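What follows is a set of notes on a single structure, which appears directly below.
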There are 2 protein chains.
Amino acid sequence: MGAANTVNGRQPVMADVARLAGVSHQTVSRVLNDNPHVKEETRERVLVAIRELDYRPNSAARTLVTRRSQTLGVVSFDTTLYGPASMLYGIEQAARSAGYFVSIASLRSLDGRSVQEAVDRLRDQAVEGVLVIAPQTSAVGALAQVRSAVPVVAVGSGTQARVPGAAVDNEAGARAATQYLLHLGHRTVHHVAGPSNWLDAQARRAGWRAVLADAGAPVPEVVSGDWSARSGYEAGLHLLDNPEVTAVFCANDHMALGVLRALNEAGRGIPGDISVVGFDDIPEASYFTPPLTTVRQDFGELGRRGLELLVAQVEGESGSKDRVLVAPELVLRGSTAAARGAG
Amino acid sequence: MGAANTVNGRQPVMADVARLAGVSHQTVSRVLNDNPHVKEETRERVLVAIRELDYRPNSAARTLVTRRSQTLGVVSFDTTLYGPASMLYGIEQAARSAGYFVSIASLRSLDGRSVQEAVDRLRDQAVEGVLVIAPQTSAVGALAQVRSAVPVVAVGSGTQARVPGAAVDNEAGARAATQYLLHLGHRTVHHVAGPSNWLDAQARRAGWRAVLADAGAPVPEVVSGDWSARSGYEAGLHLLDNPEVTAVFCANDHMALGVLRALNEAGRGIPGDISVVGFDDIPEASYFTPPLTTVRQDFGELGRRGLELLVAQVEGESGSKDRVLVAPELVLRGSTAAARGAG
DNA sequence: CACTGCATTGTTAACGCTCACATGACAACG
DNA sequence: CGTTGTCATGTGAGCGTTAACAATGCAGTG
């Protein structure tokens, strides 16, 4: 077998393959690019030579002449969180199957300058399009301002962003959760919201409020957190002050975890005394104490859809949609039950 | 101000800048590469022209001639998990500050072919080095076989990998956890292990066993899980069968969460009846019920150190280390207490 | 049999940059 | 006042690929 891998001590190039196969370099190029005007026998000979030398095309040279890098960029804020991490995973898979490479750039902070900086960084790499995972209003606002020669698509950034993107229908999810709690007979539902500068937090809060308003239920004051379990815990302590609380809808599972912890510590029964619902359905949610009723969103799917959107733009498909909404799903577990004295 | 961004409808190139500044393209190149042989006044003129046209160097052309892509590749298995996600984050930051771009490739499965495929994919992009986040023995084995013209470094892959890399000292962490439980007066410590094909799982198990052996404590049979909370829950159910269990060391926090859940359900007091220790210190660990004593490992640091290692290899620094061990730290919380009837 | 058309292959010129070397100016030196 | 050296700049080649066009051969056609 082959795998020489060097010719005169350097990486083999197209000309080396051509020489070995007894053809011109252009014929090698044709074989590589599946050009039909190559005799079958010649093609074979070239392929053998390629294998023999373990030749790999130089992507820089190809990019230089075709002006296509086959690379897409992903900008993300905190890939440590479950959501962004899962989206990134979905994105990479979709990119590969669409024939693109993926380059990443993470944001230092959320101001416009930082977003522009990351996009520039990717532009320097000649990416053909940019996908942004940054669900904060500031980031999205910055995004709308970004000067870019290439298409930019947002993923998971609420539904009102001024740039094309794929997002979960947060409002629908929040409505489903709130409605379910009301159906269980709770007089009203309290809400532990996410940071108000996150689009997702805004949408979930809006959905929750809309359902209460429609049902004529009182709309309690919102307690806000920062998505962390710690902030959920603090919100939980706050809710404990109010004996009327019987149902809580948390804007994400981590905060729900904190709430559960606060309630457990205080000896409140869940769901006996208080029902709790989360949002996200992180893998651990079924193993909370008690298992958490929550709204599942498929982050991987979101990433894939976002990437498809971007590819459509990059490849200039006319009439391609510029907005995709993914429906979330309410998952029932042990943290919710009928209100005391209700049906 | 400037930002013309096109010259005759195309992206500006070095020659356009040169013309505008009244110099040769080579002088522009010198300015861009901080060559000292440029008169200050000329440099200024060039910089102005660059800004005026919003010129950005074509990276493909530069890569073609310098044979350096300024890009490093990262191969990872499941970026959805907290550990890998955090490492990726650390890696990207370190890469940026070292002046490199980061391209990612995720693995479909863990066999050697898949690893080779991912590395090849990155090679096709002309990366100058590859960082692998894949802590399974199979992946590391495959890694040792990988044919690659560029340096390959593993991150978080136990301490015995046959390729250079950065890892947490899992054994030390496990020893610390086990020792602590023994000090609390527990007769012995049970272990919920990770999948046996993960190097981390092996090392943690080895550390646990070594301490028990040294202390002359009985070494109970190990219960194995797959890192998930679900498997921890099942392990917990299993442990409940044995009334002698008073202390459990879990190989990660998610499994510890499952164990907590099983014990809570069964009405066992934690830490009154049973003490539980985890490993990782995920952000939620302090909000488990009860808060989890665990072994903290700094994944971000791990990623940074791994990247530094890789950069040292890429830049051919002689005498550079090829192995870095990061020390973990035992974090005490509410899930552990002295054994009943002990000191 | 000259002529057209198609399949196959080769030749040459970009792509935009850096490297090696050439050039010109001007000061310092004997 | 020619020689040497140094700084600042320019010139030309080449990196490895694809695109455009040219050339060849061979079958089919009138």
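A, B, ... follow the sequence lines: proteins, then strands. Residue 1 opens every chain. Quick caveat, the model's predicted, so the values are computed rather than measured.
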Contact under 4.0 Å: [X] side-chain N or O vs [N] OP1/OP2:
X	N	value
B/Asn58	C/dC15	no
B/Thr27	D/dG10	yes
A/Ser24	C/dT9	no
A/Ser29	D/dT17	no
B/Ser59	C/dC17	no

Quick one: [X] [atom1] to [N] [atom2], roughly how many Å, whole number?
X	N	atom1	atom2	answer
A/Asp124	C/dG16	CG	P	16 Å
B/Tyr55	C/dG16	OH	C1'	7 Å
B/Gln70	C/dC17	CD	P	14 Å
B/Leu64	C/dA14	CG	P	17 Å
B/Arg67	C/dG16	CZ	P	20 Å
B/Asp16	C/dC17	CG	C1'	13 Å
B/Arg62	D/dG16	CZ	P	18 Å
A/Glu40	C/dA7	CD	P	16 Å

Considering only heavy atoms and no angle criterion, is a donor-acceptor pair shorter than 3.5 Å present between the side chain of A/Arg30 and the base of C/dG10?
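Checked by distance alone, the answer is yes.
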For B/Arg68 and B/Tyr100, test the side chains for any donor-to-acceptor distance below 3.5 angstrom and give the result as yes or no.
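Yes, B/Tyr100 and B/Arg68 have a side-chain donor paired with an acceptor closer than 3.5 Å.
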Between B/Ser106 and A/Glu92: side-chain donor-acceptor atoms closer than 3.5 Å
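Checked: B/Ser106/A/Glu92 side chains pair up, N/O donor to acceptor below 3.5 Å.
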Taking 4.0 angstrom as the limit, do A/Asp16 and A/Arg19 come out as a salt bridge?
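Looking at A/Arg19 together with A/Asp16, the answer is yes, because their closest N to O distance falls below 4.0 Å.
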Select from A/Asn35 and A/His25 the residue whose nearest nucleotide in DNA chain C is closer to the 5' end of that strand.
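Its nearest nucleotide being more 5', the pick is A/Asn35.
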Between [options], which nucleotide gets closest to the side-chain atoms of [X]?
X	options	value
A/Met14	D/dT18, C/dT18, D/dC15	D/dT18
A/Gln26	D/dG10, C/dG10, C/dT9	C/dG10
A/His37	D/dT9, C/dT8, C/dT18	C/dT8
A/Val65	C/dC17, D/dT17, C/dT9	D/dT17
A/Val13	C/dG10, D/dT17, D/dT18	D/dT17
B/Pro57	C/dG10, C/dC17, D/dC15	C/dC17

Minimum side-chain heavy-atom gap B/Val46-B/Val23 below 4.5 Å
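The answer is yes; the side chains approach within 4.5 Å.
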N/O donor-acceptor pair under 3.5 Å between A/Arg305 side chain and A/Gly300 backbone
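Side chain of A/Arg305 to backbone of A/Gly300, a donor-acceptor pair under 3.5 Å: no, none is there.
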Considering non-hydrogen atoms only, spot the tightest contact between A/Tyr55 and A/Val13 and give its length.
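Smallest heavy-atom distance, with atoms named: CE1-C, 3.5 Å.
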Please work out if A/Thr63 contacts a base, only the sugar-phosphate, or nothing of the nucleic acid, heavy-atom cut-off 4.0 Å.
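If one applies the 4.0 Å heavy-atom cut-off, A/Thr63 turns out to touch nothing in the nucleic acid.
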